[in-house]
Amino acid sequence: MDIVSNIEFQSENLVQLSSKQVDEAMTLARSRAHAAQQWQTYLNVLALYGFERWLSQRDPEIDLHCDRCSVFHPLEAELAVVSNLEANGFRLCLIPTSPNEVIDLPQVVVEQADQVAHFYVAITIYEEQAQVEIDGYLRYDQLAAQRSSLQLAEDGVYAVPFTWFDPDPDHLLLCLRCSDPAAIPLPMNQPEPLGLQPLTQPLMPQPLINVGLWLHQQLDALAAEWSWILLPPPPLGLEMRSSLTLERPQEPRMPAGELYGLLRELERSGLRLPTQRASGYRDWQLANIPLRLFIVTGALPDAAEPEWMLLLILGAQPGTDLPTGLSLRICSDATVLVERSLDSPAAGDYLIAQVVGSLAEQFVATLTLPDGQSVTFPPFAFQPQ
Amino acid sequence: MVPERLKGRDKSIIMSNPSQYWNLVKLHASGQVRLEELPSARAFLQQVLTAPALDPTDHPTIQRLLVQHLRDPAIAVSDRALAELCLRCFISHQIEQSCIQLEMQFGGYYGFTRQDLLPFVLDDDGRSIRRQETGDHTAATASPPAYIPLSIQILQKFDPTLASLTTWTLRLVKQHRELNAFLLQQGLCMLSDWAILNDTQPKQLHRILTQFHHLSEVEAQQASLLLQSYHAVYRRDRLLQGQKGPCTEPSASQLLEITQMMQQQTPQVLLPSVLLARLHVLADRLRQYRIAIKRGIPSGRSLDDPGQESLREQLPGQPAEASEEDGQVRFLQTYRQQFLECLEQALEQGIGDRLKRLKSPKDKTFLTAMRLFHCKGLPMADIAPAVGLKAQYQVSRLLDLKAFRADVRRCMVQALHSQVVAQAQAYVEMDQLIRLDAQIEAALAEQVDTLLQEDAAIAKTPKSYQIASVFARRVCQYLDQHGDRLLTEVNHKQSTTNA
């Protein structure tokens, strides 16, 4: 290589950050507890400041709101993107990146109703030069239309080809300025807490969530609306290799890693699981208690009459514990099939309930809090075709 | 990227001619570069070349021999100094080449010559340097440390088993702090190896190594371990120490920590120098990938010549030529009056926003340059000296025409869409907006203004003005009509900020 090939061309959509902004980004990054996440925080803040400056230079009349922005409200793990940014009523997600053919999008910002965005904006960070470059943007509707061709990686990330992005950020300004958020329908956001239903109401609200589709890595409309997130099938032979050191260390509290670990333990303790199965999860808050519910499902073809299985695992979100007195119940035809409750406080506990039924059967799950508040999910059904 | 001329001429001469080991490329106070023949170095090299079976074009071997001489304590100090002098001569040629390449490739557009670059890196006058190594401690501590030219710094860290001297020299030249700062100031971004490594996620690295470089899975995994260990140490320290700007080479203690980290995962033990070399190789691979996918001239350049209206070709999703023309004619005929009114308002807004944002005296320079470009049809390279700027790219950046046009069009789209788009629709579809934007751009880029049925006034205007686009003419008209007012506002802004 000669010296000329060391020069990197930058487009005109380049923004220079001030030394003060870089200092602020560093300070914010250093405040993060996990050393491994600090650099990501740093890049996220640089992306945010750069985008803010670009927008104010190009169109000072576009309103940008960062108060709900993810960098200022970090979750347990720093996302590799800046989500929940708002401009003229549009939700934006900034993705700090480097010149690349694919842009990595975490599953949550693609699928979770409170995290999705109208526009995903790819931003190259020139950290050394304190510059950022607005590379292009992708609309949610365009992403959603092509999503089935993407494979979810083990680490919960979609690798989106950069060719899907419109490389002209001027078009983004045009949309922000002249269009309306209604032009891109986003998955519905459930009001919190979730539609509470007193137990006296009939336990069969329609329609239902067809978990059979999950086997094909598909969500039906209702599951999508309820923000269920599919988990990728576990890597081949995961269970068998579990004792070998070869296994790739899973981030322990990432949903997929957490579930696979749990399933391994359950299988060891004798729980019967179908070999062909699908799983998904959902994070939400019930009366301010952060909860995570995993669902595992699959057909049991060996039985005399074809049956299906539903396994619910209710846990707390990372860094929290389930409250004592919480109970999980599964009913079929208003008959309680199984009920589990947490009687004594214990860190890291889960409520686990498994039911098996004929293919025509539907199951209704209800969570009840110690104070009697409860939530009932739409019935789960299993119709893979 | 090497221009053909360079490949054919200078490089081949360098590669075959041993005179570069005794001719020093020296920068004189006048700023001129001269070759200075050093007879003592010549005699010494010829003596070295008499070694049996030595091919005088085999540079790696010659360089290894010279380095051996230089570092062998059993050899007389004077001979060691001569071996070093030969290598310094060689390095001086390499440094000059780098500067020439930069000038040939970018100098015209970015406004610099090799004379601007050479003083940063070509700083060896060939004089002997006071040695600060073994046996000379007293002298070193008694006097202030001597200035060490870049060539000697290059040699000090050079390990012929890890890289060729040409590669090594390039590596240190390209990470030269002042040279980098100068280039960046001219608008040229040269990333250090460390920045590129910081910038790459292990997952991405895996993708690049296996899919772009076709390395094996094992190689990719080893590289990934190396990168992760490097990240854990180097990025952490950069944040903790609040380091900004150019990344510095990893320190000895950082390299040690990285090797220790790697040892926890692999039995292989790496020497710090080998680790450093591997990091460089990894960065080179990543750089090749980056350059491969980002290749191309800055797109803004196509607008720098007022005669060119190449933007039209770049518009996405254009329908076939004929139907586009039809659509355009209909569009303009229907909305001719609104179109002109919107354009005038949009120019007011676009120019006004820029004048507000630009600090004095840039705001006035902006107005003058806009006029020279749109009214006189001058290319940016000619505008630069007329407004007191050095290079074409500075005018490009100041006018930032692609953004200016986009901003003007956006104002027009906003004003026009309510008339163009069906009223019943609750919101404007984004694809429609982008199409409308493209239609407006096409109309503005028209060279013949028949669509807008302009009056005969055009006939009286200078020739360059006549061939200009609708956009250029309208900007020019606007500046003619409102220039005085804008100037007054600018002056007013300045006096209020001063007060």
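Lettering follows sequence order; numbering is per chain, from 1.
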What part of Ala130(A) is in contact with chain B, defined as an atom under 4.5 angstrom from a non-hydrogen atom: side chain, backbone, both or neither? neither
Leu174(A) side chain near Leu436(B) side chain, heavy-atom distance below 4.5 Å: no
Can you tell me which portion of Lys203(B) sits under 4.5 Å from chain A's heavy atoms? Options are side chain, backbone, both or neither. side chain
Looking at every heavy atom in both Pro99(A) and Ile293(B), which two are closest together, and how far apart are they? C-CD1, 3.3 Å
Is Tyr289(B) close to chain A through its backbone or its side chain, or both, or neither, when contacts mean heavy atoms under 4.5 Å? side chain
Measuring from Gln101(B):CD to Asn6(A):CG, what's the distance to the nearest 0.5 Å? 10.5 Å
Take atom CD in Gln241(B); do more than 12 heavy atoms of anything else shown fall under 6.0 Å from it? yes
Toward chain A, the part of Ala403(B) with a non-hydrogen atom under 4.5 Å: both
Gln349(B), part contacting chain A, at a heavy-atom distance under 4.5 Å: side chain
Heavy-atom proximity to chain B below 4.5 Å, by part of Glu61(A): side chain
Comparing Asp59(A), Val22(A), Asp141(A) against chain B, the one with the most heavy-atom pairs below 4.5 Å turns out to be Asp59(A)
Heavy atoms, side chains only, cut-off 4.5 Å: are Arg139(A) and Asp431(B) in contact? yes
Below 4.5 Å from any heavy atom of chain A, which atoms of Asp407(B) appear? Answer side chain, backbone, both or neither. both
For residues Asp353(B) and Arg58(A), determine if any side-chain heavy atom of one lies less than 4.5 Å from a side-chain heavy atom of the other. no
Any side-chain heavy-atom pair from Val102(A) and Gln204(B) closer than 4.5 angstrom? no
Going by distance alone, is a donor N or O of one side chain under 3.5 Å from an acceptor N or O of the other, for Tyr126(A) and Asp199(B)? no
Engaged part of Asp104(A) at the chain B interface, taking heavy atoms whose separation is under 4.5 Å: side chain
Is there a side-chain contact between Lys244(B) and Met26(A) in this structure, where contact means two heavy atoms from C-beta onward sitting under 4.5 Å apart? yes
Between Arg177(A) and Gln414(B) (side chain of the first, backbone of the second, donor and acceptor by atom type, cut-off under 3.5 Å), is there such a pair? no
Flag the pair Arg410(B) and Asp170(A) as a salt bridge only when some basic side-chain nitrogen lies within less than 4.0 angstrom of an acidic carboxylate oxygen. no
Over all heavy atoms of both residues, which pair between Cys247(B) and Glu127(A) is shortest? Give the atoms and the distance, please. SG-OE1, 4.3 Å
Compare all side-chain heavy atoms of Trp39(A) with those of Arg236(B) and state whether any distance is below 4.5 angstrom. no
Okay, Ala25(A) and chain B: the region with an atom under 4.5 Å from a heavy atom over there is neither
To the nearest 0.5 Å, how far apart are CZ in Arg238(B) and CD in Glu128(A)? 6.5 Å
Segment of Leu184(B) engaging chain A (4.5 angstrom heavy-atom cut-off): side chain
Examine whether an atom of Ser19(A) lies under 4.5 Å from a heavy atom of chain B, and if so say whether it belongs to the side chain, the backbone or both; otherwise answer neither. both
Note, Lys402(B) side chain near Asp168(A) side chain (heavy atom, < 4.5 Å): yes
